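Down below is the structure, laid out as structure tokens.
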Amino acid sequence: MKKLVATAPRVAELKDYTDREINSNEVKIKVEFAAPKHGTELADFRGTTPFIDGKFDEEWRVFTERGEDEPRGIEFGDLALGNMFVGTIVEKGADVTEYEVGDRVCSYGPIKETQIVNAVDNYKLRKMSKEASAKNAVCYDPAQFALGGIRDGQVRVGDNVVISGLGAIGLLAAQFARLAGAAMVIVCDPIEKRRNVALENGADLALDSSSVDVGFEIKKATGKRGADVVIETSGNYHALQQAIRGVAYNGNVAVVGWYHECLGGLNLGREAHFNQPNIIISRACSEPNREYPRWSFERICNTCWDMLAKGLLKCENIVDPVVPIDKAAETYMSIDRNPSNSVKMGVEF
């Protein structure tokens with residue numbers, strides 16, 4: 001059987017593997033569809049994640065350097081690539097009672113032909129109907145962070161909302177903003193394909209961030225007021241600067257993107273100093289949630305799955321391109337180097 005791995009920074013390959021025996025609390029799943037995560041996962045693939053030489057100390061809540069005798073955070077050679085999958089249970093352990101052989105399910109895991117997953121008290125393993133869209137299902141993870149950004153940004157009925165960055169998270173955040181009652185949804189991204197998807201899914205205005213002054217265009221579109229809320233998903237400091245430039249006085253900027261060290265593009269001595277934006281770092285899976293105890297990551301997950309299952313979110317044009325497993329490695333590397341023809345990659349088995 002085949003799985004997609006990184007054998008070196010920015011090098012993807014298909015490798016053979018053999019499954020182990022499942023444990024009593026596990027199920028084995030034959031995979032039909034899978035997808036990677038283009039933000040955080042690409043940082044691992046490129047070897048730019050801070051977890052290679054650093055680690056986050058949960059007790060002190062700070063990053064510290066790994067000791068010389070400690071393993072690195074990322075080891076290439078057999079580094080699994082992929083984020084979510086859909087498939088059918090073909091074997092179950094003796095302690096599994098909520099699932100049966102033949103059930104169609106969705107969960108987290110790398111891009112490979114089979115998966116072995118804990119199936120006891122695991123809310124991240126989701127049942128699906130035979131007719132449910134696999135493309136919708138693999139958008140479960142980005143939907144969680146999109147919803148987290150919308151809630152942290154405090155989008156309200158009548159707000160003018162900007163979504164900066166139109167990967168899967170941004171495209172879903174634009175839909176959430178509309179569902180939350182936004183009066184105007186403005187999106188911005190340098191990739192035309194992604195702007196067009198956002199417009200197809202209900203955005204009011206799409207700005208090409210590579211050719212216009214985004215912040216000023218936001219002010220023009222909102223009668224000089226600026227956006228009530230900006231959801232910044234790109235992880236680009238130039239985009240964050242434009243978000244601060246385009247947000248209304250005392251408006252909210254929810255920072256959802258996975259950022260790295262700032263080497264330019266951000267200047268807090270300009271609009272930020274005068275307009276006093278509220279810059280909110282948003283990470284849906286951090287616990288306790290900002291709205292604890294009413295909201296938790298589990299509640300965010302449950303809400304997203306329910307909305308995807310009901311068809312309230314459009315994902316068919318977000319998962320593109322879709323390729324067979326034997327083209328997965330070359331497509332993955334192509335998207336890394338030139339994302340202009342892609343939104344979120346899907347893999348068929």
Side-chain angles (χ1 to χ4, degrees), residues 35-41 56 58 61 82-86 98 105-109 117-119 121-128 132-157 159 161-182 185 201-202 229-235 252-259 278-315 318-319 344:
K37 186 172 184 175
H38 291 286
T40 310
E41 185 179 315
F56 188 69
E58 290 288 350
R61 307 295 299 173
N83 175 233
M84 301 218 71
F85 68 87
V86 172
E98 296 181 29
V105 293
C106 170
S107 193
Y108 294 82
V117 179
N118 170 33
D121 297 326
N122 181 6
Y123 70 87
K124 295 181 181 179
L125 179 63
R126 299 287 187 172
K127 286 186 182 181
M128 299 173 58
S133 165
K135 288 185 176 182
N136 267 34
V138 297
C139 285
Y140 177 40
D141 180 283
Q144 296 157 15
F145 293 91
L147 179 57
I150 291 293
R151 295 198 64 84
D152 287 342
Q154 300 174 29
V155 175
R156 300 177 181 179
V157 174
D159 279 349
V161 180
V162 171
I163 310 298
S164 171
L166 296 176
I169 294 175
L171 288 165
L172 288 162
Q175 295 184 51
F176 277 126
R178 178 65 77 208
L179 289 168
V185 177
N201 291 348
V229 182
V230 180
I231 311 296
E232 208 306 286
T233 74
S234 73
N252 292 342
V253 178
V255 179
V256 179
W258 176 245
Y259 284 73
N278 304 302
I279 300 176
I280 303 159
I281 307 300
S282 177
R283 185 173 180 266
C285 59
S286 289
E287 299 282 23
N289 192 270
R290 287 183 187 274
E291 298 176 275
Y292 176 86
R294 293 181 300 107
W295 280 84
S296 63
F297 183 51
E298 182 175 355
R299 184 176 177 184
I300 288 174
C301 291
N302 290 340
T303 300
C304 289
W305 186 255
D306 184 60
M307 294 179 76
L308 287 164
K310 290 177 178 176
L312 297 176
L313 299 167
K314 301 176 182 178
C315 302
I318 292 177
V319 183
K344 179 178 178 66

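Computed from a predicted structure; not experimentally measured. Just so you know, residue 1 is the first one in the sequence shown, and it goes up from there.
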- Message: Among residues at least two apart in sequence or on other chains, which ones pass ring pair (Phe, Tyr, Trp, His ring centres under 6.0 Å) with Y140?
- Response: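 Partners of Y140 under the ring pair (Phe, Tyr, Trp, His ring centres under 6.0 Å) test: W305.
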Please confirm whether the backbone N or O of [Y] pairs with a side-chain atom of [X], one donor and one acceptor, at under 3.5 Å?
X    : Y    : answer
N122 : N118 : yes
T233 : S164 : yes
N252 : G153 : yes

Once you round to the nearest 0.5 Å, how far does [atom1] of [X] lie from [atom2] of [Y]?
X    : Y    : atom1 : atom2 : value
F145 : I150 : CZ    : CD1   : 14.5 Å
K135 : C315 : NZ    : SG    : 10.0 Å
L313 : S133 : CG    : OG    : 11.5 Å
C301 : L147 : SG    : CG    : 9.5 Å
S296 : E287 : OG    : CD    : 5.5 Å
T303 : W295 : OG1   : CH2   : 3.5 Å

Heavy-atom check, side chain of [X] versus side chain of [Y], under 4.5 Å:
X    : Y    : value
I280 : E232 : no
V117 : V105 : no
Y108 : N83  : yes

Taking every non-hydrogen atom, the tightest pair across [X] and [Y]:
X    : Y    : value
G109 : F85  : N-CD2, 3.8 Å
A177 : V185 : CB-CG2, 4.2 Å
E98  : K127 : O-NZ, 2.7 Å
C106 : V86  : CB-CG2, 4.2 Å
G82  : E41  : N-OE2, 2.9 Å
S234 : G165 : CB-CA, 4.0 Å

- Task: Evaluate whether atom CZ of F56 has more than 12 neighbouring non-hydrogen atoms of other residues, nucleotides or ligands under 6.0 angstrom away.
- Result: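 Above 12, so yes.
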- Message: So, applying side chain to side chain contact (heavy atoms under 4.5 Å, CB included) with V229, which one of N278, V253, D159 is it?
- Response: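 Per the side chain to side chain contact (heavy atoms under 4.5 Å, CB included) rule, the option paired with V229 is D159, out of N278, V253, D159.
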Does [X] have any side chain to side chain contact (heavy atoms under 4.5 Å, CB included) partners at least two apart in sequence or in another chain, and if so, which?
X    : result
S286 : R283
A309 : none
A119 : V27, V96, Y99, L125

- Under the salt bridge (charged side-chain N to carboxylate O under 4.0 Å, His left out) test, which residues partner D306, sequence neighbours left out?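 Result, salt bridge (charged side-chain N to carboxylate O under 4.0 Å, His left out) vs D306: K310.
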- With sequence neighbours excluded, what pairs up with D141 under the salt bridge (charged side-chain N to carboxylate O under 4.0 Å, His left out) test?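 Scan of D141 (salt bridge (charged side-chain N to carboxylate O under 4.0 Å, His left out), adjacent residues dropped) gives K37.
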For [X], enumerate each residue passing the side chain to side chain donor-acceptor pair (under 3.5 Å) test, keeping only those at least two apart in sequence or located in another chain.
X    : answer
S107 : none
K344 : none
R178 : D204
E58  : R61

- Going by the salt bridge (Lys or Arg N to Asp or Glu O under 4.0 Å) test, which pairs reach into residues 143-154, not counting sequence neighbours?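 Counting only pairs at least two positions apart or across chains, the salt bridge (Lys or Arg N to Asp or Glu O under 4.0 Å) contacts touching residues 143-154 are R151-E291, D152-R290.
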Enumerate, atom names and distances included, each donor-acceptor pair closer than 3.5 Å involving a side-chain atom of residues 166-175, sequence neighbours excluded.
{"from": "Q175", "atom 1": "OE1", "to": "K314", "atom 2": "N", "distance (Å)": "2.7"}
{"from": "Q175", "atom 1": "NE2", "to": "K314", "atom 2": "O", "distance (Å)": "2.9"}

